[in-house]
Amino acid sequence: MPIRLSSLFLRTLREDPAEAEVESHKLLLRAGYIRRAAPGVYTWLPLGLLVKAKVEAVVREEMNRAGAQEVFFPALLPREPFEATGRWTEYGDNLFRLQDRKKADYLLAPTHEEMFTLLVKDLYSSYKDLPVCLYQIQNKYRDEARPRAGLLRGREFVMKDAYSFDIDDAGLEKSYQSQRDAYERIFTRLGVDYVIVKADAGAMGGSASEEFLSPSPIGEDTFVRSPGGYAANVEAVKTVAPAGIAIEGLPAAVVHPSPNTPTIATLVDLANANVKRADGREWTAADTLKNVVLALTSPEGKRSLVVVGLPGDREVDAKRAEAAFSPNEVEPATEEDFERNPELVKGYIGPVKNGSAVLGLEGSSKIRYLLDPRVVDGTAWITGANEAEKHVFDLVKGRDFGADGIADIAEVRAGDPAPDGSGPLELARGIEIGHVFQLGRKYAEALGLQVLDENGKLVTVTMGSYGVGVTRMVAVLAEANRDDKGLIWPEAASPADVYIVAAGKDDHVYEAAEKLAAEFEAAGKTVMLDDRQKVSPGVKFSDAELIGVPHVVICGKGLENGEVDLWNRRSGERRSVALNSAVAELI
RNA sequence: CGGGAUGUGGCUCAACUUGGUAGAGCACCUGUUUUGGGUACAGGGGGUUGCAGGUUCAAAUCCUGUCAUCCCGACCA
């Protein structure tokens with residue numbers, strides 16, 4: 001049966017809802033696909049449900065093709081498994097928690113690693129059972145501090161999550177590749193533009209992690225890419241270290257007074273006013289070495305300080321710092337930290353004082369000192385002299401100071417070179433639509449998932465996790481496929497294959513349209529039919545544009561000549577064809 | 001959690017500055033009209049103005065508090 005507009009549960013809106021800011025969100029509301037139920041929580045109307053089902057169908061087909069088997073876990077989970085992996089606490093406020101009538105703790109699952117791991121542990125105990133890959137398409141619940149843009153970041157959302165279980169690393173690698181290939185097929189079939197970026201595996205302990213990002217200005221993730229095809233998450237970018245410079249013949253370090261230079265900008269101004277450079281150019285912020293004091297807190301709660309020296313024209317990137325020092329928490333040092341370490345003279349911190357090391361485990365402060373990769377041997381810097389109102393000039397790395405190691409946590413800027421030499425980096429925004437991840441043994445260890453190997457020995461299983469945001473995909477598709485009139489679905493996601501507009505008031509128009517609808521359905525096409533007799537053609541055309549089925553057939557005036565019009569929603573092209581060839585034209 | 005904004009029929013907004021019977025468009029109902037680009041006209045139903053308290057003869061409007069929502073940032077396996 002065709003979906004008839006005369007009875008479809010739908011009310012399109014002429015005006016943009018005030019609650020929506022992002023175009024795709026406005027259109028999904030206006031065209032009657034979704035309604036807001038609570039912040040970040042949405043009701044799916046009939047049209048929206050059809051689109052969601054289409055996306056799910058593509059995901060399901062490709063998962064099955066990749067050999068994964070579908071299961072379905074509850075969204076309502078007991079506390080214990082999450083306690084076992086520490087995530088009952090780790091998840092913090094983002095976890096929806098509740099209690100049953102006996103006051104037992106439950107949660108609404110934000111993700112299902114624990115449950116999948118326990119399920120495999122429950123049923124399997126031999127290497128002969130592996131590898132196995134399971135998936136589900138399920139609601140997830142995360143009490144996000146700030147839901148955004150309708151379906152883009154919701155507190156309830158649908159995700160396909162898959163998990164692979166292998167006996168060894170080689171198996172994991174293979175499972176990972178298989179899922180990665182499936183993802184490429186999924187996004188290609190849905191017509192989504194995507195880039196695969198290297199992500200930082202961080203605390204999860206996995207060896208490989210890649211994100212599928214759909215480039216979009218409304219995206220929440222910043223990533224970098226080069227003309228030569230390099231792409232990575234900002235956290236994962238490795239800074240290219242320049243070649244070292246010969247130290248012989250460099251000018252000696254000299255301490256200059258530098259009153260009232262609490263910031264890099266004031267320091268550069270003073271340097272230009274008082275100290276001439278041998279090569280005649282002006283000093284810039286890039287000539288200064290800024291020493292940033294960070295406080296690290298370990299998972300056990302132990303607090304320690306670390307100083308990172310980086311070129312003065314760069315800021316520390318908080319996300320890169322978190323990733324680099326993971327699993328420690330990172331925050332700027334507080335006043336108390338400075339009070340406890342009187343050798344750190346705020347604004348005048350430097351690696352050495354009067355020629356002997358201050359920073360570093362070997363220095364007088366015993367505080368770990370790490371350097372940006374750009375600070376290579378032979379580079380000369382203006383930096384703090386560890387005395388109020390004094391800076392040292394021409395302090396040379398490898399001659400005058402050293403460090404305990406490297407910290408690659410400075411911000412990445414457009415124009416920085418790609419690590420693989422593929423050209424200058426460009427910064428772009430993207431929406432994360434998929435994530436493939438070699439989890440390793442973290443969850444298997446925490447939950448005791450072991451199997452016997454061929455020698456009868458217990459070994460811990462290694463896992464991969466693979467996610468696709470299904471409801472987010474609907475938003476991404478809407479955002480990427482629209483114009484000022486409305487949505488334009490790609491065929492793989494459209495609520496119907498064909499949209500027939502019956503334009504006219506005579507009954508025979510509606511009869512012909514019904515007959516045409518039946519013919520399309522007989523040919524295996526799904527059909528929406530605007531059979532509203534008392535609605536003017538203008539309204540019908542506007543609704544057709546708003547709803548966004550890509551292929552529209554206008555059944556009306558042309559019938560006098562035995563013709564209907566085929567209207568391509570995307571190109572706007574309309575052409576008349578014989579009524580009895582319309583079906584053949586669109587197949 | 002920090003910053004900004006907004007709460008008035010189902011939706012989009014006006015009235016608030018300067019207190020005095022709550023209004024328009026869209027949507028909905030009835031009738032006539034119109035049928036290849038949101039027809040036109042007439043009539044109609046629907047709001048204790050987020051909530052609580054205060055000032056006042058009188059509060060959507062002024063004051064205090066509170067709750068909620070949206071946007072930016074922080075956060076986001």
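All chains are named by letter (A, B, ...) in the order of the sequence lines, taking the proteins before the strands, and each is independently numbered beginning at 1. The figures here come from the full heavy-atom set of this structure, side chains too, leaving out hydrogens, waters and symmetry mates. From a predicted model like this one, the values you see are computed outputs, not experimental measurements.
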I need the CD1-P distance between A:I218 and B:rG73, as an integer number of Å. 13 Å

Is the A:Y499 to A:W489 ring centre distance short of 6.0 Å? no

Rounded to whole angstrom, note down the C1' distance from B:rA14 over to B:rU6. 15 Å

Record whether the side chain of A:R146 comes under 3.5 Å of the base of B:rC71 through a donor-acceptor pair of N or O atoms. no

Considering every strand and a 4.0 Å limit on heavy-atom distances, what is the contact class for A:E432: base, sugar-phosphate, or nothing? nothing

Given atom CG of A:D16 and atom C1' of B:rU6, what is their separation to the nearest angstrom? 17 Å

Just checking, any donor-acceptor pair under 3.5 angstrom between side chains of A:H112 and A:Q138? no

Provide the distance between the two P atoms, one in B:rG23 and one in B:rG46, to the nearest whole Å. 13 Å

Base-pairing string, 5' to 3', of RNA chain B - Watson-Crick or wobble, under 3.5 Å, | interstrand: (((((((..((((......[..)))).(((((.......))))).....(((((..]....))))))))))))....

Kindly check if the number of other-residue, nucleotide or ligand heavy atoms within 6.0 Å of CG (A:D93) is above 12? no

Could you give the CZ-to-C1' distance, from A:R532 to B:rG38, as a whole number of Å? 11 Å

What interatomic distance, in whole Å, is found between P of B:rU49 and the corresponding atom of B:rG44? 25 Å

Send over the distance from A:E211 CD to B:rA77 C1', rounded to a whole Å. 11 Å

Rounded to whole angstrom units, what separation is found between the CZ atom of A:R155 and the P atom of B:rC70? 9 Å

Crowded around A:Q99 CD? As in, over 12 foreign heavy atoms under 6.0 Å? yes

Per nearest nucleotide of RNA chain B, the residue lying toward the 5' end, A:S542 or A:E19, is A:S542

Integer-rounded Å distance: B:rC70 P and A:E144 CD: 13 Å

My understanding is that only one of A:R155, A:E19, A:E144 makes a side-chain contact (heavy atoms from CB on, under 4.5 Å) with A:P39; could you say which? A:R155

Any idea which of B:rA77, B:rU12, B:rC70 is nearest the A:P17 side chain? B:rU12

Pairing residues for A:E114 by the side chain to side chain donor-acceptor pair (under 3.5 Å) criterion, not counting sequence neighbours: A:T85, A:R87

What is the nucleic acid contact for A:A145, judged by heavy atoms within less than 4.0 Å: base, sugar-phosphate only, or nothing? base

Can you check each nucleotide of nucleotides 23-36 of chain B against protein heavy atoms at under 4.0 Å and return B for base, S for sugar-phosphate only, - for none, in 5' to 3' order? --BSSS------BB

For A:E426, what residues pass the side chain to side chain donor-acceptor pair (under 3.5 Å) criterion, not counting sequence neighbours? A:R225

Using the P atom as the reference point in each nucleotide, state the distance between B:rC26 and B:rC72 in Å, no decimals. 32 Å

In whole Å, what separates the C1' atom of B:rU8 from that of B:rG50? 10 Å

It should be established whether A:R36 places a side-chain nitrogen or oxygen under 4.0 Å from OP1 or OP2 of nucleotide B:rC70. yes

In terms of relative ring orientation, are A:H25 and A:Y42 parallel, tilted or perpendicular, with 30° and 60° separating the classes? perpendicular

Hey, can you tell me if A:Y466 and A:Y176 have their rings parallel, tilted or perpendicular (30° and 60° cut-offs)? tilted

A:R148 side chain, from C-beta outward: closest of B:rC72, B:rC71, B:rU39: B:rC72

Provide, to the nearest angstrom, the distance between the OH atom belonging to A:Y91 and the C1' atom belonging to B:rC76. 8 Å

Inter-nucleotide P distance (B:rG73, B:rU66), Å rounded: 27 Å

Length of the line joining A:M159:CE and B:rA77:C1', which is rounded to integer Å: 8 Å

Which whole number of Å gives the distance between the C1' atom of B:rG43 and that of B:rU33? 15 Å

Closest to side chain of A:R30, choosing from B:rG38, B:rC70, B:rC72: B:rG38

Determine the Euclidean distance between corresponding P atoms of B:rU21 and B:rU39; express it in Å to zero decimal places. 36 Å

Not counting sequence neighbours, which residues clear side chain to side chain donor-acceptor pair (under 3.5 Å) with A:R429? List them please. none

Would you please name every residue forming a side chain to side chain contact (heavy atoms under 4.5 Å, CB included) with A:E184, sequence neighbours left out? A:R180, A:Y194, A:I196, A:F212

Starting at the 5' end of RNA chain B, which residue's closest nucleotide do you reach first, A:R153 or A:H25? A:H25

Heavy atoms under 4.0 Å, any strand shown: does A:A149 hit a base, just sugar-phosphate, or nothing? sugar-phosphate

